[in-house]
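Report on the following structure.
Here the structure is a predicted model, which is why all the values come from computation and not from measurement. We count residues from 1, following the sequence as given. Computed from heavy atoms alone, side chains included, the values below leave out hydrogens, waters and symmetry copies.
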Amino acid sequence: MAETQSRGHVFAGKKRGTGADEFEGDDIFVAKKSMLPTMATENDPAAALATARHEFGEHGGVNMSIEASATFTVMEPETMRRMFAGELGPDRDFFIYSRHFNPTVLNLGRLMAALEGTEAAYCTASGMSAISSVLLQLCSSGGHVVASRTLYGGTHALLTHFLPRACNITTTFVDICDLEAVRNAIVEGRTKVLYFESMSNPTLTVANIPELSRVGHEKGTTVVVDNTFAPMVLSPARLGADVVLHSISKFISGGADVIAGAVCGPASLVNSMMDLHQGALMLLGPTMNAKVAFELSERIPHLGLRMKEHCLRAMEYAIRMKKLGFKVIYPGLEDHPQHELLKSMANNEYGFGGLLCVDMETEERANRLMHHLQNYTQFGFMAVSLGYYETLMSCSGSSTSSEMNAEEKALAGISPGLVRMSIGYIGTLEQKWSQLEKALSRMQDSTFNKN
């Protein structure tokens, strides 16, 4: 039984007739006034998610059914021809093949669009597939990108090495905090994308999304923002960005057991990416498994609660670590360069993010701290990624930013001893602080003894 009272498109439980008068558009995401998702008008992401369409199960279950089929049948031969011609599509419950569209994955896409306040969203097999597909859709051979010089290492490698070699797409890296440098780097008519992270990996630099969007639009570029570090905390599309990307594997999943991504943006872009002849998503095929989409759809409703606890603990630990004399980088601290900027952009009640960094200056000291935290006090795990219920720690320069050379790391502000911590919420706050404090004290004692 499909839910028929929808905030977006209505997906009927049975295939409808194929009379020509019943179908007015070829696209799955047709932006007709009567069919625009009203969830995109909600300013608070939690409120938007609450008003998104609830998909019920086939037999009336409160959870949706999983459509695990790779291919779909039709009742009449003519229907298949019309589907391939683009006359019939998923907006009317006509499906061809799950690399194209799958009902369960589409439902997750509706939730992601609600979360980010966009017209549409499409979910992919990984965060990197979402990033690369968008860039390949927006840029052709000879195209140009302006990007922040502080990015996730995989994204930096894509822009620095792969796209120039394989696609003749070049990138100019800039200090994203220098609006004049951004403006000067954009070549009108050639630069297709302005790309940055809402909160940079790993330095936690906060981008001025409204002003960067204004600069990008004045110069005719598409503004693409990776919001992986700040779901619920920041809403880039509501602040002026055109496209919002996610590695769903992180905070949105929350379980460190799923690899997934999402492209959230205008319906026209998502439609173009699924075009049978020119669509990057359609032709490159980074398809999300329907069973993964089901899992994620069940986790998004409590994302807000999880983010509040991640952020609350990160803030508390940052304050206490700073008082102990450690060099802490956290946007919630008043001495963070973009503290006031983040306050002006952030959604209410979600804090300042679930990650903090502590600069131990050298890789040796960073490794020693992480060793104490994992093996001596059991505060967290030495592992990459983020958004898990346990705290995850890594020395960024030798791990998630290792694709960058020494000069690039220096320009990005990545110290050799920078420890990135994704703060978990397992246990009580005071219990986990006791473990953290014990490891920090051990570091201070060893430093004192050496002196």
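- Other residues, nucleotides and ligands contribute over 12 non-hydrogen atoms within 6.0 Å of the NZ atom of Lys219.
- Residues forming a ring pair (Phe, Tyr, Trp, His ring centres under 6.0 Å) with His161 (at least two apart in sequence, or on another chain): none.
- For the pair Glu218 and Arg214, the salt-bridge criterion is met [side-chain N within less than 4.0 Å of a carboxylate O].
- In terms of heavy atoms, Leu212 sits closest to Val223 at O-CG2, 4.3 Å.
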> Between Met321 and Leu436, does a side-chain contact (heavy atoms from CB on, under 4.5 Å) hold up when you go through it step by step?
Replying inline: CA-CA 9 Å; Met321 291 170 74; Leu436 175 55; 3.9 Å; yes

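- Relative orientation of the Tyr317 and Phe379 rings is perpendicular, given thresholds of 30° and 60° on the angle between their planes.
- In plain terms, the two heavy atoms of Ile248 and Met112 that are nearest each other are CD1-SD, 4.2 Å.
- Listed by chain and residue number, nothing satisfies the salt bridge (charged side-chain N to carboxylate O under 4.0 Å, His left out) test with Glu334 (two or more places apart in sequence, or in another chain).
- Using modelled atom types, one finds no donor on one side chain facing an acceptor on the other under 3.5 Å when comparing Lys438 with Gln435.
- The list of ring pair (Phe, Tyr, Trp, His ring centres under 6.0 Å) pairs with a residue in residues 230-263, not counting sequence neighbours, reads Phe251-His310.
- With no hydrogens or angles considered, no side-chain donor-acceptor pair links Thr150 and Thr205 at under 3.5 Å.
- Ring-plane geometry between His372 and Tyr376 is classed as perpendicular, the angle between the planes exceeding 60 degrees on a 0 to 90 degree scale with a lower cut at 30.
- In terms of modelled atom types and a separation under 3.5 Å, the side chain of Arg313 and the main chain of Ile426 share a donor-acceptor contact.
- With respect to Leu245, the side chain to side chain contact (heavy atoms under 4.5 Å, CB included) criterion is satisfied by exactly one of Thr228, Val225, Val134, Asn227: Val134.
- Without hydrogens or angle criteria, Thr428 side chain to Gln431 main chain gives a donor-acceptor distance under 3.5 Å.
- We find that Arg299 and Glu295 are joined by a salt bridge, their nearest charged nitrogen and carboxylate oxygen being less than 4.0 Å apart.
- Between the side chain of Thr51 and the backbone N or O of Ala48 there is at least one donor-acceptor pair closer than 3.5 Å.
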